[in-house]
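All remarks here apply to the structure that follows.
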Amino acid sequence: MRSASIAEWILARFTSRSRAASTVGDLLEASDHKGIVWFWLSAVAVLLSLAWRGCLAFSAAFCFGLFFYELLPGIFFGISETHRPPHGWMALFDLVCAAGILLSFGMAYTAIRYGLKDPFTLQTVTAWGLACVFSVYWWMPIVRAACPLLGVSMFVYSVISAPRRRALMALVVALGLSFAGAALLSWYVTSKLSQISVMSGPLHTPWMALKQLAEVAFLLGLLIQPFIYSRVHRMFFGDNSYNGAEHATA
Amino acid sequence: MEFLIAYIVVIMGTLASLGEFEQIVLLAILRLGEAAYGVTIRTEIADCTQREPSRGALYTTLDRLEEKGLVQSRLGDPTPERGGRAKRYFTVTKRGRAALIQAQRSYQSLLKGLDLLESAHA
């Protein structure tokens, strides 16, 4: 049955190939004399239950991440005008603020997709909380002392247990890829645009267009954040997509 | 022996908490023995509980139970009526059995002292 192969291919996008094959086999066996419409309705029902959590996690990550993309720099630079950061520390504070923005995508995604009990989610939420608190309240001496201290405590607490150590490594990889993804994509578009402007002469307002396109590229870099967290989770913990759905109802 | 397994798992703090539907699925797999795969598990649940579980909920629950290490699966031989696709047979692991015992014991503790079942029969 050709439609069974199509259904199997679609299901395999959301679960493993062997699970998709056995699921479609079950549907074929159960659909005897019930027809193709029944088969496809059942396949769609299975597909929805496999995909809804991932789709919701992606959507929420975009909304939450873009909200923090707007909010966090505004607060951070607003405070920087009234409170001067210590000399030479501004670059580091910028970096923490950027990490807070990038982590807000990952935090929303992992919390919904894998649940709050997941070690990777816990690491991401903790790091995001620390980065955000530091970005907003860095001008308070107690926060400047407490956040690094909590960060070090989190590191030590993670290192002493194997699952938490793995989650920490996953977070480091995800954050590294996040920075690289956002930065490299904007760098790539900027360099491509420079080549175009060199080959076809100056644009009407070349630098303005360049800047705008680099910003668009940076935004695209932000939008790939959930994919990064999804891949990193799969790399470190396998395809553990349903941990958060503790209470599926019949 | 089962008590010992349950005790060790609880002491080690690795006992997975089970939702209601997860318990139903585990019990259905135990009842079916060697013949537990998607179609038969769903039929068994429907026969015993008088309600048909949605296929989506069943497959995601089976996947989740396997990822938690509470069930394990093996592929059978491909059959023509399934378009040459193999059945995925499920069995409950020791860990799954221990989690189920623990969950059922909790229910029994809560029921103790209540004449709920007797009053339902009356």
Side-chain angles (χ1 to χ4, degrees), chain A residues 1-8 11-12 14-34 38-54 114-115 117-118 161 163 233-234 237-250, chain B residues 13-14 16-28 36-46 48-71 73-90 99 103:
Chain A
M1 191 196 246
R2 185 174 164 76
S3 61
S5 302
I6 296 168
E8 185 181 330
L11 285 178
F14 297 93
T15 185
S16 68
R17 191 179 285 264
S18 68
R19 281 177 180 168
S22 61
T23 304
V24 169
D26 284 355
L27 294 181
L28 280 175
E29 187 181 329
S31 71
D32 196 25
H33 307 304
K34 289 181 182 168
W38 183 93
F39 171 82
W40 270 105
L41 285 175
S42 303
V44 168
V46 174
L47 181 69
L48 285 176
S49 66
L50 286 174
W52 75 269
R53 184 171 285 271
Y114 308 113
K117 288 180 183 172
D118 184 84
S161 139
H233 193 279
R234 184 173 290 192
F237 300 97
D239 187 19
N240 191 12
S241 316
Y242 314 108
N243 268 357
E246 287 286 335
H247 304 291
T249 50
Chain B
T14 54
S17 60
L18 292 175
E20 184 204 358
F21 189 56
E22 287 175 333
Q23 289 181 54
I24 290 172
V25 172
L26 285 173
L27 287 168
Y37 69 100
V39 176
T40 55
I41 294 169
R42 188 166 182 267
T43 309
E44 186 71 13
I45 292 171
C48 293
T49 65
Q50 314 304 320
R51 56 177 183 172
E52 290 211 342
S54 77
R55 288 175 198 283
L58 178 63
Y59 288 114
T60 50
T61 303
L62 286 168
D63 285 352
R64 190 169 64 248
L65 289 172
E66 191 168 13
E67 281 152 10
K68 283 181 178 176
L70 303 180
V71 299
S73 67
R74 64 178 172 82
L75 289 176
D77 295 326
T79 53
E81 73 269 17
R82 296 168 58 87
R85 291 167 180 85
K87 292 174 184 172
R88 181 178 287 273
Y89 289 103
F90 292 90

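Throughout, protein chains are lettered first and strands after them, A, B, ... in sequence-line order, and every chain is numbered starting at 1.
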Determine whether A/E8 and B/R85 satisfy the following criterion, salt bridge (Lys or Arg N to Asp or Glu O under 4.0 Å), listing intermediate values before the conclusion.
CA-CA 10 Å; A/E8 185 181 330; B/R85 291 167 180 85; 2.6 Å; yes

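- Around the CZ atom of B/R74, the shell of radius 6.0 Å holds more than 12 heavy atoms that belong to other residues, nucleotides or ligands.
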Can you check side-chain contact (heavy atoms from CB on, under 4.5 Å) on A/V46 and B/T60, steps first, answer last?
CA-CA 8 Å; A/V46 174; B/T60 50; over 6 Å; no

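- A/S18 and B/L75 get closest at one heavy-atom pair: CB-CD1, 4.3 Å.
- Partners of A/S161 according to the side chain to side chain donor-acceptor pair (under 3.5 Å) rule, which considers only residues two or more places apart in sequence or in another chain, do not exist here.
- The side-chain heavy atoms of A/L27 and B/R55, taken from C-beta on, include a pair separated by under 4.5 Å.
- Side-chain contact between A/F237 and B/E67: absent, with no pair of heavy atoms (C-beta onward) separated by less than 4.5 Å.
- Residues passing the side chain to side chain donor-acceptor pair (under 3.5 Å) test with B/R42, sequence neighbours excluded: B/E52.
- Between B/D63 and A/L50, the shortest heavy-atom contact is OD2-CD2, 4.3 Å.
- Proximity to chain A (any heavy atom under 4.5 Å) is restricted, for B/E66, to the side chain, taken from C-beta onward.
- Separating the CG atom in A/L11 from the OH atom in B/Y59 is a distance of 10.0 Å, to the nearest 0.5 Å.
- Remark: A/S22 OG to B/R82 CZ distance equals 7.0 Å, nearest 0.5 Å.
- Residue B/G56 comes nearest to A/S49 through the heavy atom pair CA-OG, 2.9 Å, listed as atom of the first residue, atom of the second, then distance.
- For chain B, no part of A/V44 is nearby; none of its heavy atoms comes within less than 4.5 Å.
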